[in-house]
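Since the structure comes first, as structure tokens, the remarks are kept for the end.
Being a predicted model, the structure only gives us computed values, none of them experimental. Hydrogens, waters and symmetry mates are skipped; everything else that's a heavy atom, side chains included, is used. Per chain, numbering begins at 1; letters A, B, ... match sequence-line order.
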Amino acid sequence: MELQILDVDYVLVDEKPIIRIFGKNPEGVTVCGFYEGFSPYFYSNSEKVGKVLETDSGVVSIQKTAMRFVDKDEQAYKIITKNPAKTPEIRTKVMSAGIGAYEADILFRYRFMNDFGLGGLCWIQTDTIPISTNTVKVEKTFKLSNLKRLDKIIDAPMKIVAFDIECVSETEIMPDPKKDPVILISFAFNTDHQGKKELVLSTRPANGLKAFDSEKEMLEGFINIINSYDPDIITGYNINNFDFPYILERMRKLGVRSSFGRCNTKPVMDKKVGLNYKITIPGRVSVDSFAIIKKDYSLVRYGLDFVGEKLLGEKKVDVKKSQIAKYWKGNQKDFDRLVYYSKIDSVLALNLVQKLNLLTKYFSLSKVAGTLLQDTLDGGEATRIENFLLREFNKDGYIFPNKPGDAETLSRQTKAKIELKGGFVLEPKKGLHSDVVVFDFKSMYPSIMITFNICPTTLIRKREGVDKNTVFESPSGAWFLKSEIKQGIVPKIVSELMSRRAAAKKKQKEATDEFLKTSLYGEQWALKILANAFYGYFGYARARMFDLDIANSITSFGREAIHQAQSMMEGRGFEVVYGDTDSLMVKVGVDDLEKIRGLASNVSKEITEKLPGVMELQFEKVFKRFLPLSKKRYVAWKFEPTNTGWDEKLEMKGVETVRRDWCLLVSETMKVVIEVILKENDIKKAVSYFKGVVGDLVKGKIDINKLVITKTITKKPENYDGVQPHVELVKKVSARGIDVGVGDRVGYVIIKGMDILSRRSEDPNYVVEKGLELDSNYYIENQLLPPMERIFTALGISKSELLGGGRQTGLFDIIKNGGGKKTLKEIGLDSMSGFVCKKCNQFYERPPLIGVCSCGGDFLFSSKEGYAEALVIN
DNA sequence: TCGCGACGGGG
DNA sequence: GTGTACGTCGCGA
């Protein structure tokens, strides 16, 4: 039989662990296979381990093995134990005897998968003997033997359900599962369930929903529906940190067993880890679409209403969170609205997963790294790297160290902060540049690891007796054995990942089947992500293989390479205007895109030839216009070469154009200004556009909707410590009879007045109604200017010049020596002349309209004839 | 500039 | 369950 692995765990039968594999067959039928006879084990470095564990009844056997340690050439002792859950006790015993324990914290299911060459979502072929059991809610159950990994790419069909709960609290704050009941549960199915795509449960009857007499019965109903639909994946929006913990707490309170996993003996569990909950559903996978979207999309806000509209174009009905209690207790129409609202939430959560293919990435990552889908979703990059590395190190006869404890992690963190040096960043050359060619090192850090054979197994820890000719010395001073002496495992893995990626990319190009194409795209993407993550892994304090010598060697080789490339560029007479870690921005003195393409490809080839190993410099793109703001921050008009021509786009690095605490006017103005500068190459126009906006603001000609700043009320107004505009507004409007509850979003504008800023927030509608005047100065100084100033400063335009009024220059009058009023021309000023601040010597071609320097100083008038007192009047 | 505490999402 | 798992922003020093 063939099956794709969805989840793996184990159960104890007669004190022996039996591995369970929950999976799908090619038709999408759920299967559960049992594997007996696999025992937990770990390693030790000392023969004393035999003595220490002599009388331990949990130990099956201790044998000397051929397995070696990464940092010392000694053979390891393998301790086979009976019970995975009791192995930590044995580990502690070993460690407190002062000897080492290795791989003593590998989860049993991962120990099994690694030893059998299996992983999350991989396909396997296995011999089966049907068995009957009432321990799992799976129709087809087998004993497994002869497990073999298959090279299948297409996934089995998966069943997905999204759910959403509603509950109300007595008070105005967030409901508390300790006392507040669940009132409504909605579902959305990806395949019909009993002829329906959606379903709503409630303890209040209504048309089109399933009503229950009590909350307890409704929760049992929830469990029944999940079990009868039998989804592989349960999703929802923020379910990991709200719906699941809430509903599980209610079940505990009401004495309902949370058995909606595929196992009858193991309930669904939630465990608080730090601030977040981790949900375990035996045999199924919990997918929180909110968590994925937060990770994979860069948005201003992540509320379901905003996300649904932005990413799906699907609007959510507007039900104020604080009004839910009213709808719940209200008339039938009110209640219907609540039911509809809840249903849409489930549908949206499901649509996000399906229409945005949120899972594709994580499926690929699971398959490449071997982590189970649930762990790929919940865990970080290090989890995946580590699982992948464990297998590869074991294959080559190496043993992995344990994870560091808290104390060790902390000391590593502080050490890394001080000692770990990153990539080299060139000081950008000021100004607006045209026709800049961007070169970069292809997979720089992976290439370095391969080229210089960088690996924990090749790092020389004792130099005595090592011939320097047999090693690569990194610029940071570490030694690594050359690959002809000993091939490192990490470089081998990384190079395999890279060639597998090349192969997947090639297959993807040739593939005609859409499913296959998508899968292959995901595969090559995951391979790239994994290969690129190795560097970070060695500098990550919680990593089993944390090693600053390795991390620093990688970055130091990187800095050396970028310097080499820079001087080779300069040696060709090109000007390097900027560079960061693995990229160089270069002016080659050519402005035709096609000519650049030819020239840049040649240059990168020539330079690559002179680079060591597999290091490769490639021509990446052209910046028709490039404006660096500072290190790591720039805006550019990018042209990317394609097979047929060029892809044109604006590129912004480290520059925010949207921020949640900015009003719409800021992002709009920024977009226009940046576009005028980059595409039209017209700085004057950009300045006058900006001045125009400022002028309109002063004159009150800007649409008030563009000036609204929105924030969420997170607690009751009286519970806030400081003074915040949106909270002050809530206090104001509630006095006018408008109530705003916790969780509601509040939009406000800042009006003119004497009070402190935070108390000058006002309801936009009220402002319009009463004809109040907005504080244009606030919008200029606190909203528009901070981001805009950064851009204009990069162009050599100062704040005072920017604020030089909305009028054209040349209209001002000047009174010389307090004498008669004269215009510029009458005084005989030519273009070489200007104004100098008496205090700070700042030079101005044209004085700002405020009449004094930005430092507050008065002006001297400078011309060929000399200096004169200048009084600037507007 | 750095370091620490407060949100975020959900009802 | 052989489990340790944020990330960003704003504020005050």
Would you tell me if any nitrogen or oxygen in the side chain of [X] comes within less than 4.0 Å of OP1 or OP2 on [N]?
{"X": "Arg109(A)", "N": "dG1(C)", "answer": "yes"}
{"X": "Tyr41(A)", "N": "dT2(C)", "answer": "no"}
{"X": "Lys403(A)", "N": "dT4(C)", "answer": "yes"}
{"X": "Thr280(A)", "N": "dG1(C)", "answer": "yes"}
{"X": "Arg111(A)", "N": "dG3(C)", "answer": "no"}

Query - Arg204(A) charged N/C atom sitting above Phe335(A) aromatic ring, 6.0 Å / 45° - result: yes

Does [X] reach a base, just sugar-phosphate, or nothing at all? Heavy atoms under 4.0 Å.
{"X": "Ile165(A)", "value": "sugar-phosphate"}
{"X": "Leu107(A)", "value": "sugar-phosphate"}
{"X": "Val273(A)", "value": "base"}
{"X": "Gly303(A)", "value": "sugar-phosphate"}
{"X": "Tyr246(A)", "value": "nothing"}
{"X": "Asp305(A)", "value": "nothing"}
{"X": "Pro84(A)", "value": "base"}
{"X": "Leu304(A)", "value": "sugar-phosphate"}
{"X": "Asp164(A)", "value": "sugar-phosphate"}
{"X": "Asp105(A)", "value": "base"}

Tell me: [atom1] of [X] to [atom2] of [N], nearest whole Å?
{"X": "Glu408(A)", "N": "dT4(C)", "atom1": "CD", "atom2": "C1'", "answer": "15 Å"}
{"X": "Asp115(A)", "N": "dT2(C)", "atom1": "CG", "atom2": "C1'", "answer": "14 Å"}
{"X": "Arg301(A)", "N": "dG7(C)", "atom1": "CZ", "atom2": "P", "answer": "23 Å"}
{"X": "Lys266(A)", "N": "dG3(C)", "atom1": "NZ", "atom2": "C1'", "answer": "13 Å"}
{"X": "Phe290(A)", "N": "dG7(C)", "atom1": "CZ", "atom2": "P", "answer": "13 Å"}
{"X": "Asp9(A)", "N": "dT2(C)", "atom1": "CG", "atom2": "C1'", "answer": "15 Å"}
{"X": "Ile292(A)", "N": "dC6(C)", "atom1": "CD1", "atom2": "C1'", "answer": "16 Å"}
{"X": "Phe306(A)", "N": "dG10(B)", "atom1": "CZ", "atom2": "P", "answer": "12 Å"}

Check every atom of [options] against the side chain of [X] and return the nucleotide holding the closest atom.
{"X": "Phe108(A)", "options": "dG9(B), dT4(C), dT2(C)", "value": "dT2(C)"}
{"X": "Pro40(A)", "options": "dT2(C), dG3(C), dG9(B)", "value": "dT2(C)"}
{"X": "Ala104(A)", "options": "dT2(C), dG10(B), dG3(C)", "value": "dT2(C)"}
{"X": "Lys294(A)", "options": "dG1(C), dG3(C), dG8(B)", "value": "dG8(B)"}
{"X": "Thr87(A)", "options": "dG3(C), dG10(B), dT2(C)", "value": "dT2(C)"}

Expected rows: protein N/O vs nucleotides 9-13 of chain C N/O, under 3.5 Å:
{"from": "dC9(C)", "atom 1": "OP1", "to": "Glu656(A)", "atom 2": "OE2", "distance (Å)": "3.4"}
{"from": "dG10(C)", "atom 1": "OP1", "to": "Arg659(A)", "atom 2": "NH2", "distance (Å)": "2.8"}
{"from": "dG10(C)", "atom 1": "OP1", "to": "Asp661(A)", "atom 2": "OD1", "distance (Å)": "3.3"}
{"from": "dG10(C)", "atom 1": "OP1", "to": "Asp661(A)", "atom 2": "OD2", "distance (Å)": "2.1"}
{"from": "dG10(C)", "atom 1": "OP2", "to": "Arg659(A)", "atom 2": "NH2", "distance (Å)": "2.9"}

Query raised in the report: Is it true that Arg111(A) and Glu103(A) have a side-chain N and a carboxylate O under 4.0 angstrom from each other?
Result: yes

Query raised in the report: Hey, are Asp305(A) and Lys315(A) close enough for a salt bridge, meaning a charged N less than 4.0 Å from a carboxylate O?
Result: no

Is the distance between the ring centroids of [X] and [Y] under 6.0 Å?
{"X": "Tyr302(A)", "Y": "Tyr297(A)", "answer": "no"}
{"X": "Tyr102(A)", "Y": "Phe69(A)", "answer": "yes"}
{"X": "Tyr43(A)", "Y": "Tyr77(A)", "answer": "no"}

Query raised in the report: Looking at Arg250(A), Lys278(A), Arg252(A), which one forms a salt bridge (Lys or Arg N to Asp or Glu O under 4.0 Å) with Asp270(A)?
Result: Arg252(A)

Query raised in the report: Side chains of Tyr237(A) and Asp243(A): donor-acceptor distance under 3.5 Å anywhere?
Result: no

Requested in this report: Mark yes when over 12 heavy atoms from residues, nucleotides or ligands other than Lys310(A) sit less than 6.0 Å from its NZ; otherwise mark no.
Outcome: no

